[in-house]
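Below you'll find the structure, written out as structure tokens, and then a few comments.
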Amino acid sequence: MSEETVFYRRLKEELTRNGKTFNQVERELGYPRNSLNNYKNGNEPMGTRLVELSEYFMVSPAYLVGMCNKSNVFSLKDSFKNLNFEQKRELYSICESWVLSELYKNN
């Protein structure tokens, strides 16, 4: 039996951290069934899939393949802090419109 790769181990960690299963992520990303579980055999994903998975889990591709140990999880709060006043105002307006549309949709 082969040893798990860093990629597969970190993929499983991200699944657990996000409360997801292999099948859920495969469905949400449009991957064939068992395609993620197949990485257990020592294969690593092609570039496109690596980027898709890193964006899905909001970690860096380098983290997933073991090139660094810091996941660089994107913080929405930190991202908001980096916006200028006009960008914050625009984001607030978008959120407000979305919330109102959701409220009226549910009534």
Side-chain angles (χ1 to χ4, degrees):
M1 185 170 162
S2 65
E3 190 175 316
E4 288 182 356
T5 63
V6 172
F7 171 76
Y8 186 74
R9 191 175 70 249
R10 289 189 175 171
L11 177 61
K12 287 192 326 184
E13 289 168 2
E14 289 304 315
L15 289 166
T16 301
R17 188 173 67 80
N18 288 277
K20 300 282 186 170
T21 65
F22 283 102
N23 289 336
Q24 278 180 299
V25 174
E26 288 164 348
R27 278 192 309 273
E28 290 173 17
L29 294 177
Y31 297 163
R33 187 166 166 80
N34 293 321
S35 60
L36 295 179
N37 202 33
N38 288 336
Y39 292 121
K40 185 177 189 175
N41 300 328
N43 296 330
E44 291 193 354
M46 298 294 284
T48 303
R49 184 161 290 176
L50 178 62
V51 170
E52 290 171 347
L53 289 168
S54 69
E55 288 179 353
Y56 181 86
F57 291 116
M58 296 190 329
V59 298
S60 72
Y63 171 75
L64 284 178
V65 296
M67 293 175 66
C68 69
N69 290 324
K70 203 164 188 199
S71 66
N72 295 330
V73 174
F74 300 107
S75 165
L76 189 55
K77 190 175 184 177
D78 289 341
S79 296
F80 186 77
K81 286 179 185 178
N82 291 329
L83 298 176
N84 66 37
F85 181 77
E86 286 303 315
Q87 291 169 322
K88 288 176 182 176
R89 179 184 285 169
E90 183 179 356
L91 183 58
Y92 177 81
S93 176
I94 291 167
C95 291
E96 183 179 42
S97 296
W98 178 81
V99 167
L100 290 173
S101 70
E102 288 298 306
L103 286 173
Y104 289 120
K105 184 174 17 175
N106 293 327
N107 287 331

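When the side-chain hydrogen bond (donor to acceptor under 3.5 Å, both in side chains) test is applied to Glu26, no partner is found at least two apart in sequence or on another chain. Evaluation of the side-chain hydrogen bond (donor to acceptor under 3.5 Å, both in side chains) rule for Asn34 yields no partner, not counting sequence neighbours. Not counting sequence neighbours, the partners of Arg49 by the side-chain hydrogen bond (donor to acceptor under 3.5 Å, both in side chains) test are Tyr39. Looking at residues two or more places apart in sequence or on another chain, you find a side-chain contact (heavy atoms from CB on, under 4.5 Å) between Leu29 and Val25, Tyr31, Leu53, Tyr56. Residues passing the side-chain contact (heavy atoms from CB on, under 4.5 Å) test with Val65 are Phe7, Glu44, Leu50, Met67, sequence neighbours excluded. In this structure, the salt bridge (charged side-chain N to carboxylate O under 4.0 Å, His left out) partners of Lys20, at least two apart in sequence or on a different chain, are Glu28. In this structure, the salt bridge (charged side-chain N to carboxylate O under 4.0 Å, His left out) partners of Arg89, at least two apart in sequence or on a different chain, are Glu86. The side-chain hydrogen bond (donor to acceptor under 3.5 Å, both in side chains) search around Tyr92 returns none, not counting sequence neighbours.
In this structure, Phe57 and Arg17 approach most closely via the heavy-atom pair O-NH2, 3.4 Å. Between Cys68 and Ser60 the shortest heavy-atom distance is SG-OG, 4.0 Å.
One finds the CD atom of Glu13 at 8.0 Å from the OG1 atom of Thr16 (value rounded to the nearest 0.5 Å). Between Lys88 atom NZ and Cys95 atom SG the span is 13.5 Å, to the nearest 0.5 Å. Taking CH2 from Trp98 and CD1 from Ile94, the interatomic distance works out to 13.0 Å, rounded to the nearest 0.5 Å. Rounding to the nearest 0.5 angstrom, the gap separating the CZ atom in Arg33 from the CG atom in Asn38 is 11.5 Å. Separating the CG atom in Asn23 from the OG atom in Ser35 is a distance of 9.0 Å, to the nearest 0.5 Å.
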As a quick check of understanding, evaluate side-chain hydrogen bond (donor to acceptor under 3.5 Å, both in side chains) for Asn43 and Tyr8, giving each step before the final call. CA-CA 9 Å; Asn43 296 330; Tyr8 186 74; over 6 Å; no
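The backbone N or O of Glu52 sits nowhere less than 3.5 Å from a side-chain atom of Glu55 that would complete a donor-acceptor pair.
Cation-pi contact between Arg10 and Tyr63: present, with separation from the ring centre below 6.0 Å and deviation from the ring axis of at most 45°.
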